[in-house]
Amino acid sequence: MLPTETAINEQRNREMATTRVAVLGATGSIGTAALGVLRHLDKVDPESRWRLFAASGHGNMKLLGESLDALEHPPEHVILSDPELAPHFSTRHPLGRSSGQSQVSLGPEALVRIASDPMVDVVVAAIVGRAGLESTLAAVEAGKRVALANKETMVVAGSLVQRMVQRSGGEVTPIDSEHSAIFQCLGEKCCKPKKLVLTASGGPFRRWTVEQMENATLKSALNHPTWDMGPKITIDSASMMNKALEVIEARWLFDLPAEAIEVVVHPQSIIHSMIEFDDGSVIAQLSPPDMRLPIQYALTYPRRLPCEVPTLDRSQRWDLTLEPVDRDRFPALDLGFEVARAGGTTGAVLNAANEAAVGLFLEDKIRFTDVVAACRTCLDNHTFDANPSLDTLLKLDTWARGEVRKMTQ
Ligand code: NAD
Ligand code: MG
């Protein structure tokens with residue numbers, strides 16, 4: 001008697017490996033997309049079942065509950081990282097109906113615990129800003145695959161991450177579209193590239209004058225032409241600080257000096273980045289501006305599986321343009337190259353000053369152009385250390401935030 005289709009499927013399921021994933025920052029733009037990618041992979045991957053083992057959100061319990069309710073299998077662990085939530089959590093059940101099956105942990109320490117949990121195979125680091133640092137470092141130290149969206153960890157502590165990866169045998173697969181593009185172009189890594197060319201959309205102010213940017217409203221800065229992202233990275237894109245952070249991220253991820261990194265404006269956001277070899281040959285990666293593709297590749301690398309992102313429509317004429325960055329109008333980029341060259345404590349200072357100043361701009365307390373000016377001042381005034389410990393980096397993070405706050409007092 002031939003086995004039924006159900007029996008065959010059951011047998012296949014028993015034989016398949018399971019990849020357990022922790023999505024830290026599951027309520028954000030990248031986190032939500034990552035949950036969708038996991039659902040999709042679980043259907044199309046012939047080699048593995050993809051399970052969301054843990055998911056974290058910060059202060060928005062309702063949003064996290066809704067995201068969890070949309071899942072077929074609730075995760076085993078749910079983390080609410082905002083310490084202020086603890087009292088509310090004990091008085092009423094805040095999360096969606098599926099969360100009854102999950103173990104709920106509170107506070108930022110739970111992020112670190114889950115990131116290094118032996119049951120976890122892959123950590124999607126999708127928390128925004130310095131808040132993602134400890135959990136990302138814990139995942140790297142525990143030898144996980146870290147699908148990295150949280151570029152700020154590389155900016156603050158890139159050299160520490162490099163050393164940790166070597167010690168732990170973990171791996172960092174980039175989610176940031178530019179770094180994913182370079183990672184894809186590098187392929188078999190047979191030749192070291194001469195140059196990494198990061199593309200930048202140019203953001204909403206690509207054609208604005210400095211005077212116009214001085215008076216930019218929050219609404220105009222949040223109006224990104226090609227990408228739909230969380231507020232912090234959207235403001236960073238408008239000032240091109242995002243590209244500055246990505247230059248530093250690339251410096252540490254690919255272990256190349258600042259001199260080997262270039263930035264070029266490509267408003268269509270189709271070419272995600274390029275590498276150039278010694279013989280002048282350039283290899284680029286192209287796809288629609290949709291983060292589900294780099295998220296999926298960071299999870300399945302080196303395998304490629306069908307992806308939900310539609311392929312580029314080649315039946316229409318499309319123009320792909322490249323233009324140089326106007327460094328006078330976008331001085332943030334100079335800071336990125338400066339930090340990529342200097343290393344040491346500069347990344348932590350730049351990142352903290354920028355996060356604090358972007359926070360003030362989001363609260364309408366400073367002007368748009370004050371953000372980069374605040375970063376410049378903090379970099380100039382800090383005590384440089386070429387080989388800082390994590391403790392020194394964290395102290396400087398606090399110092400820089402304090403300096404920026406003084407701007408409004
Ligand atoms: P987002 O604002 O949409 O989401 C941020 C996530 O972090 C949320 O889940 C939030 O709950 C969590 N979070 C916020 N503060 C926290 C705290 N103090 N402690 C713990 N968790 C906290 O941000 P996003 O756009 O998804 O960006 C996330 C990261 O990915 C950033 O580092 C960003 O630079 C990077 N990235 C984003 C995109 C994109 O398309 N959105 C592209 C490339 C890289
Ligand atoms: Mg990017």
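Atoms within each ligand, like the ligands themselves, are counted from 1 in listed order. Note that the numbering runs from 1 along the sequence shown for the chain.
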Looking only at non-hydrogen atoms, which of [options] approaches [atom] most closely?
| atom | options | answer |
| --- | --- | --- |
| atom 28 (C) of ligand 1 | Gly28, Gly132, Ala126 | Ala126 |
| atom 40 (O) of ligand 1 | Glu246, Met229, Met154 | Met229 |
| atom 31 (C) of ligand 1 | Ile79, Ile30, Asp228, Val128 | Val128 |

**OP:** Determine whether the side chain, the backbone, both or neither of Lys232 has a heavy atom under 4.0 Å from any heavy atom of ligand 1.
**Re:** neither

Original post:
Quick one: does ligand 1 sit under 4.0 Å from the side chain of His58, the backbone, both or neither, non-hydrogen atoms only?
Top reply: both

Output yes when a side-chain donor or acceptor of [X] lies under 3.5 Å from a complementary backbone atom of [Y], and no otherwise.
| X | Y | answer |
| --- | --- | --- |
| Arg251 | Val339 | no |
| Thr346 | Ala342 | no |
| Ser201 | Pro267 | no |
| Glu276 | Leu196 | no |
| Ser239 | Met241 | yes |
| His266 | Thr321 | yes |

Please list the nearest protein heavy atom to [atom] with its residue and the distance rounded to 0.1 Å.
| atom | answer |
| --- | --- |
| atom 43 (C) of ligand 1 | Asp176 OD1, 3.1 Å |
| atom 20 (C) of ligand 1 | Ser81 OG, 3.1 Å |
| atom 9 (O) of ligand 1 | Thr27 OG1, 2.7 Å |
| atom 25 (O) of ligand 1 | Gly230 N, 2.9 Å |
| atom 41 (N) of ligand 1 | Ser29 OG, 3.1 Å |
| atom 36 (N) of ligand 1 | Ile233 CD1, 3.6 Å |
| atom 32 (O) of ligand 1 | Glu152 OE1, 2.7 Å |
| atom 42 (C) of ligand 1 | Met291 CE, 3.7 Å |

Original post:
Any salt bridge between Arg376 and Asp334, counting N to O under 4.0 Å?
Top reply: no

Original post:
Is a salt bridge present between Arg113 and Asp117, judged by a nitrogen-to-oxygen distance below 4.0 Å?
Top reply: no

**OP:** State whether Phe205 and Arg329 meet the cation-pi test: NZ (Lys) or CZ (Arg) under 6.0 Å from the six-membered ring centroid, and within 45° of the perpendicular axis.
**Re:** no

Number the atoms of ligand 1 from 1 as they appear, then name those within less than 4.0 Å of a heavy atom of [X], with their elements.
| X | value |
| --- | --- |
| Ile127 | 7 (O), 20 (C), 21 (N), 22 (C), 29 (C), 32 (O) |
| Asn150 | 32 (O) |
| Ala131 | 17 (C), 18 (N), 19 (N) |

Subject >> Residue list, side chain to side chain donor-acceptor pair (under 3.5 Å) with Glu76, at least two apart or on another chain >> reply: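 Per chain and number, Glu76 pairs via side chain to side chain donor-acceptor pair (under 3.5 Å) with no residue.
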
Original post:
Got a sec, which pairs hit side-chain hydrogen bond (donor to acceptor under 3.5 Å, both in side chains) with one end in residues 174-183, sequence neighbours left out?
Top reply: Lys151-Asp176, Glu178-Lys243, His179-Glu249, Ser180-Gln184

Original post:
So which protein N/O/S atoms does the Mg ion (ligand 2) have within less than 2.8 Å?
Top reply: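 Only Asp176 OD1, Glu178 OE1, Glu246 OE2 fall inside 2.8 Å of the Mg ion (ligand 2).
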
Original post:
So Trp227 and His272, would you call those rings parallel, tilted or perpendicular, with 30° and 60° as cut-offs?
Top reply: tilted

Original post:
Mind checking whether Gly25 has an N or O less than 3.5 Å away from an N or O of ligand 1?
Top reply: yes

Subject >> salt bridge (Lys or Arg N to Asp or Glu O under 4.0 Å) pairs, two or more places apart, involving residues 349-362 >> reply: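 Listed once each, the pairs are Glu355-Arg401.
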
Subject >> Evaluation steps, side chain to side chain contact (heavy atoms under 4.5 Å, CB included), between Val124 and Leu299 >> reply: CA-CA 8 Å; Val124 177; Leu299 293 170; 3.9 Å; yes

